[in-house]
Amino acid sequence: RDQLQIAGSSTVLPYATIVAEAFGENFDFPTPVVEGGGSGAGRKKLCEGVGENTIDIANSSSRISQSDIDTCKANGVNEIMEVRIGYDGIVFASDIAGPDFALTPADVYGALAAQVVKDGALVANAAAKWSDVNGALPAQDILAFIPGTKHGTREVFDIKLLEAGCKATGAYDLFFAASTGADEAAKKADAVKACHGVRTDGKSVDIDGDYTETLSRIAANKTAVGVFGLSFYENNMDKLKVATIDGIVPSVETISKGEYPVSRPLYFYVKKAHIGVIPGLQEYIDFFVSDDMAGPGGPLAAYGLVPDPELAATQAAVAAGTPMGPLE
Amino acid sequence: MKDQVTENRVQTDTSKISAKKAQVYYGENHAIKDVDVEILDKTVTAFIGPSGCGKSTFLRCLNRMNDTIPSCRVEGKILLDGEDIYDARVDPVQLRAKVGMVFQKPNPFPKSIYDNVAYGPKIHGLTRNKAELDAVVESCLRKAALWGEVKDRLTSPGTGLSGGQQQRLCIARAIATSPEVLLMDEPCSALDPIATAQVEELIDELRSQFSVVIVTHSMQQAARVSQKTAFFHLGNLVEYGSTDQIFTNPKDPRTESYISGRIG
Amino acid sequence: MKDQVTENRVQTDTSKISAKKAQVYYGENHAIKDVDVEILDKTVTAFIGPSGCGKSTFLRCLNRMNDTIPSCRVEGKILLDGEDIYDARVDPVQLRAKVGMVFQKPNPFPKSIYDNVAYGPKIHGLTRNKAELDAVVESCLRKAALWGEVKDRLTSPGTGLSGGQQQRLCIARAIATSPEVLLMDEPCSALDPIATAQVEELIDELRSQFSVVIVTHSMQQAARVSQKTAFFHLGNLVEYGSTDQIFTNPKDPRTESYISGRIG
Amino acid sequence: MNLGLLVTVILVLAIAGWIIGRQRAVASVKGDIRKLHSLPGYYGHIVFLATAVPSLLVVVLWILVQPALIESRVANLIKPSDIPEGSSQSLVMADVRRIANGLDAVVAAGLPEDQLASMRADFSDVRGRLAGVGVAIGSNVSNSVFIAAKEYRSAIKSSAMMMTVAALAIALAGLAWSLTRIRPEFRARNATERFTMSLLIASSLIAVLTTVGIVASLLFESIHFFSIYPASKFFFSTVWNPKFGGGSDLGILPLIWGTLYVSFIALLVAVPVGLMSAIYLSEYASKSVRAVVKPLIEVLAGIPTIVYGLFALITVGPLIRDWIAMPTGLGNSSSSVMTAGIVMGIMVIPFVSSLSDDIINAVPQSLRDGSLGLGATPSETVRQVVLPAALPGIVGAVLLAASRAIGETMIVVMGAGAAARLSLNPFEAMTTVTVKIVSQLTGDTEFASPETLVAFALGLTLFVLTLVLNIVALVIVRKYREQYE
Amino acid sequence: MTVEASLFTLDAKTKARKTAEARFRLYGVVAIAVALLALLWLLISILSGGLPAFRQTMLTYPVTLEEAVLDKSGTRDPVALSKVTTVAYTKILATSLAAVIAEKGIAPEGMTDKDVADMISQESAATLRSKVLADPALIGTTIDFTALASGRIDGYLKGRVSRESAALDKNVSPVQLELADNLQKAGILDKRFNWGFLTAPDASDKRPEAAGLGVAIIGSFYMMLVVLVLSLPIGVAASIYLEEFAPKNRLTDIIEVNIANLAAVPSIVYGILGLAVFINFMHLPQSAPIVGGLVLTLMTLPRIIIPTRAALKAVPPSIRDAALGVGASKLQTVFHHVLPLAMPGILTGMIIGLAQALGETAPLLLIGMVAFVRDFPGGLPGGLFDPAAALPVQVYNWTNRGDPGFVERASGAIIVLLVFLVIMNAAAIYLRRKFERRW
Ligand SMILES: Nc1ncnc2c1ncn2[C@@H]1O[C@H](COP(=O)(O)OP(=O)(O)OP(=O)(O)O)[C@@H](O)[C@H]1O
Ligand SMILES: Nc1ncnc2c1ncn2[C@@H]1O[C@H](COP(=O)(O)OP(=O)(O)OP(=O)(O)O)[C@@H](O)[C@H]1O
Ligand SMILES: [Mg+2]
Ligand SMILES: [Mg+2]
């Protein structure tokens, strides 16, 4: 085969296609074939072995796990390069014609969690309107479209919003206290798990499809709030109104400065054994992390990728072909 | 039997069905030409004529079964009790309930023997309960001389019967709805002499109440059961008259030669 | 005609088909019981018997058409020219090419009249070219007394014919393959006397080369065309012998009563 | 000789064999084909098959086996020291193959063969040369790899040569042998038919093999799943709540319930509408109406499901919510089982309508005549005579529609939502097994986790479930089938 | 039943039955109406959403290919030329457009250089670059060049973008829209038929205006070719064997149920199977139409076998008897008589089976065909092994993309898919009509 084969996260997919397209245009190599299919499937394919009928790069919206590394090892994929390409911001947005939302993790937790604190005790969440959660919020029925449990975004949502809100409202402590776990760690795990519990009475709706589905759902339910990726929101600013979190408006700038809390790193993983065998692989990864592409002001940032402040280090590692070390 | 026929003749002068200049076309093929005929009530009328002369076609006109053949077109008037059956107001369903039919090729439904016979009474709601229906089925099968052969296998499919049995089943099915006119297209063609005799007896019995039209290739049969006979030839009704007259003293040379060539 | 028959009888003593203790079951139903029969070459054999007695069933055994009925099971031996036709090595296709069949219910292919007749010769490669095929089709249709009626519409579908025409078409189709044995299940049931006579003539003609088995309900027909007659009753072969003997001097009382009850 | 040419030559030989075989057969009986056992064409078929089939089989086998043989031979030329660290034999072989192909291009571009033979990787810039003809190599070429590539190239060439010779020889042998066998009494038809029969049997085996393949490919990972997740919880838990970091509840019951519920509603829409359309088209409509309407309805089956999904999400969902669910107080969600079911029902209408229409049309007219002749109305005829006679086909059509409904994802995702729930209320959101198979399999979760592997267990369970449903359907059809003559 | 009852007046019972009949007929009409209305609704929404995709906004203006930018050395050395990236060409396009604007004096107030540059699609730079690389003699001259306008400008001309929405959108400014108006008046900017939509490959998320279906059409064509060539003969052959020849016993019952069950297997499972068998075991390449075709074939087979068997079953046994009776072999009977009579049902199965195969994405997900592919696959038969996309995949991908420009493209792709379907089925529908008859 002549072209690179890339698979994995659908969050990274748009960035990968932008790079692949530019790569095909400006180099003598064929345009790489970029597949979606999800981070898990991508890493699975990466770890299937070395050889022409396996992929070269796996895109991932979360860090590779030890079990994947083990599978890789078992199949003879010993060296993998980890490349962090930047950050993905995650935003709340509602219909453009609706009221403004200024949320905090505590608000989100109060509106969407299964159990909330009321008068110092845990009760099933009964809030019907946003104003029930926080008087400053609009008196609008709660209806939120959050990513389904298969999405990497959901993990970020769970940790950065629910868990944070859980802690902020004191629910975490109550969960911790109520846990029957044997030791500290088990209790902690129980509490965290309880914090991630989302109400199931239809006010919070899991979306298994992509952001376009969330957008369509908001079009069908004008009062709803949805969770989007920053880049998706930036492409649909005329239809969506973004909510602030802790008073910060999400944007490439606020996220790269670390002001806006909800974001996650994006990666791709390169099968080192294929470098030097599959034509164009080294060139592609160099090109990807070059300032022209992934740097601030590059096309990826223009599309909504939050550039990595440590891009220079990544570039050096990529050029040197440094494989990733063991997971911390 | 013969004397019975003569005896009955007087009462049967009212016309039940009359055709006026009936024409039938299959596409371009002019199958029935200018047929005028009066079929009397309480009479058995026999249609005879060489194969392919249009007997079945004309028979099918009388209860509008021709409607199901797309290429078929009927012109002229056919009156039942003085009413044009091709009138737009006529519901062919009601017509066919009055004018029953036994087809030339036995076509039992792929249902049980019982259901085959019970079908008509059921759709017309002629019986009030299961027992009555059973009785109707039994009496019809008896009349059609089939009861003895099938009484132990009423639930087995009608299509698993022998050719002659199927034919009798179709006769039983047709009389089960007690139509006013019964059209029978060669009802005895696959029957042995004894069964034929039984069916002929049935026909004679039916005549006391209804009008029966029967197509047959057997002159003897026509002579035996019918009071009136119509001879068709190449789509024309050549001669129509009392059976006696047709067989003893035909007016048309074609009738003459057809009858005299009898082998049958 | 009669004398012709007597004249020919001497030459026809070799057995063509012989059945030995043939049994046929439809599921549980024992339709043919212990039938032993020798069907002679160059002879017309008639099967008679009341409707439902097993004539068609036995006929279908002779060329293994019963194979197509899933519930049907044949036991005993049936030999054609001394070879068991139910032997595993026998190719039923070849058998059926030798033993042709006309079914009780006419079943033309939904193809043109020409193709109906030409089908057999085509698949058996009996003709070398179109002209020969045309000739075969014409001669078969002529023999089946159908040519006059259909010569202008050879390309129209065979299913658009009248009942009797379809029956003759099936006869034409069967003789087109020139089988060695021809099985005819009530070939004249839907035919008028003249057509019947023509078909009978055909049967007589065929006899000079082939063996013909014919099922009929008409005693007269059996007497006219056959040299041998077999009488079936309730699945048993009651009596088998020369036609003359069966009709004039039946040995079995059942035969006697069936024949004497003749009406047909 | 390249492959295409070889196949063409064999086919030409076979066709020639057909003609000769036919002629010989005719000649053997001096033109009187009546003396032949079979039609002359069948003798031709036999020669054709004897010529083409064995030789093409050889070609296919050769192509399948050759790479493995050659590679193992060439692989011996590569010393372990030539394999860079972290790489593998197979990757080096990939390079060898690419170089070998590149060399073909170089030769085609004008390099004489002898010069190539003396070319060495350590003295000339092989990579550059190959790049010059448009073949990209990932890194510089070591000499032993280069030698292996040359060896590979010549092995391929000689093997191709041998294959050509062998295939042609077999073709010719088959041709000669079959021609000698032509005698008038040779049962050519039976022989051809035996061949055809074996093709027919082989075809039906494919369906069986597919099943084996499906079960096998699901079984392995399912076992893996059950080894890390308790089967009892999977089958009997009423909670479906996968989590990212483990600790998920993966009970299949709500999913099965959703599947059955959605499919049931879909059939509730599709069967009446489809069957009535079929009946109308075959029994009442004129030929011209039928000719237009039937293909039009079939377009419904060809519209991509994403369109239906959006239709459910944007149009039907809010409509049902605002006009039915909200007024009756049964729910206020725009995605509901009802929405998905209705839209899915529309999608599968053609499965029922077109297939049933064909089967209804095949019921002999004489049956209709029989019923109409008794004074039945057309509708009575249809319901009591035609439909029972057409039952097996109609049930087949309905099953096909149900199968389609069970296997659908997009409409369910957009119409019914993604929430697994056990509820009787059709105006609530639910989801199906298939949706979860797709979403768990393509999600961002780790592959080896129960959250992903559950997809295989779901697939296997669904397989067994539908198998049971199909057996029930078969039994019902057997019981009520009415076989016409 | 009285003899006197007139035919013209219906008795009560017949009247009731007649109303039942009318009702039944009405159900039929309603059913068809429901189906057709649903179809109409869907088609209207597809057409209204997708037809704009067939027109595209273009900018036609003279572009000066400055030697100083494109070939600093002046040697026209291909290697040096190919080092110049699209970034430089983007600049050339922008400066030339700015020059034209300045010359015509149509610059709106507050216009910046970036506004001008963003009018033009990135894709055009790539087009220009390959044009120059193919013909280096162009360097230094001024050529008339047709560039794609950027997605938002295209949206403005199609009514998707308005001044109000532009004010909210960071990707386009109201000034650009005014400029677009001016350019349109000056005859530089106009909408044309969008051949690129049918011939160009897919483009990345940033270039909705350049995305086309070329690769997908070829990929789908290849796959359908494989499906058609394999599934129809195999499906019909299997049906014939099972229905006409196989002994009727437990085993064939199992096979029958099993085939019915295969139709109910979710399509993604066929993807799992294809991945295991064709890619991991047989080592066929990823993302290749051959694998897609094989997977879809396996998926389509039961969907063809079931209707075919039903159609074969529906042929009256008397026809078989007739043929067997004249000495036809079973195979001859089947091929000469039964199969032609079953043809309508078989063709329907094919129409529906292929429709589904053509529109299926899920199984392709696992064999790498739901991918971004820019390079065209080669000609047959080698092209079967090259990476390609497929039409439903393209629809799926585009509907998942952020830029609203892709929504219109996705609908356009659906139109193409339907046209593809109709073309594919036209022959089957025609044949089916020929074979339809009653006996
Ligand atoms: N397919 C079948 N399945 C079950 N029983 C059958 C089947 N065909 C015929 N029979 C039964 O077998 C017996 C013999 O039938 P057969 O058709 O041989 O009679 P036949 O002598 O030809 O009568 P006919 O003169 O009426 O045609 C009958 O009782 C009939 O009901
Ligand atoms: N469906 C049809 N389509 C076209 N022509 C037909 C059709 N049915 C019958 N015919 C033709 O119309 C003529 C009359 O046919 P009909 O069936 O009325 O004859 P018949 O008198 O009943 O003959 P038989 O005694 O053979 O049944 C024949 O020439 C026949 O071929
Ligand atoms: Mg007739
Ligand atoms: Mg019989």
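So that the names make sense, note that chain A is the first sequence line, chain B the second, and so on, each numbered from 1.
Ile123(C) CD1 to Arg189(D) CZ: the interatomic distance, rounded to the nearest 0.5 Å, is 8.0 Å.
Looking only at side-chain heavy atoms (C-beta outward), Leu39(D) and His124(C) stay at 4.5 Å or farther from each other.
Remark: Glu75(C) CD is packed, more than 12 non-hydrogen atoms of other residues, nucleotides or ligands lying under 6.0 Å away. Under a cut-off of 6.0 angstrom, the local environment of NZ in Lys33(C) is crowded, with over 12 non-hydrogen atoms contributed by other residues, nucleotides or ligands.
If you measure heavy-atom distances from Lys122(C) to chain D, the contacts under 4.5 Å come from the backbone alone.
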Would you check, one step at a time, whether the test side chain to side chain contact (heavy atoms under 4.5 Å, CB included) holds for Gln94(C) with Asn190(D)?
CA-CA 10 Å; Gln94(C) 231 171 341; Asn190(D) 306 48; 5.5 Å; no
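Every pair passing salt bridge (Lys or Arg N to Asp or Glu O under 4.0 Å) that includes a residue from residues 158-183 of chain C is listed here, sequence neighbours excluded: Lys16(C)-Glu180(C), Glu149(C)-Arg168(C).
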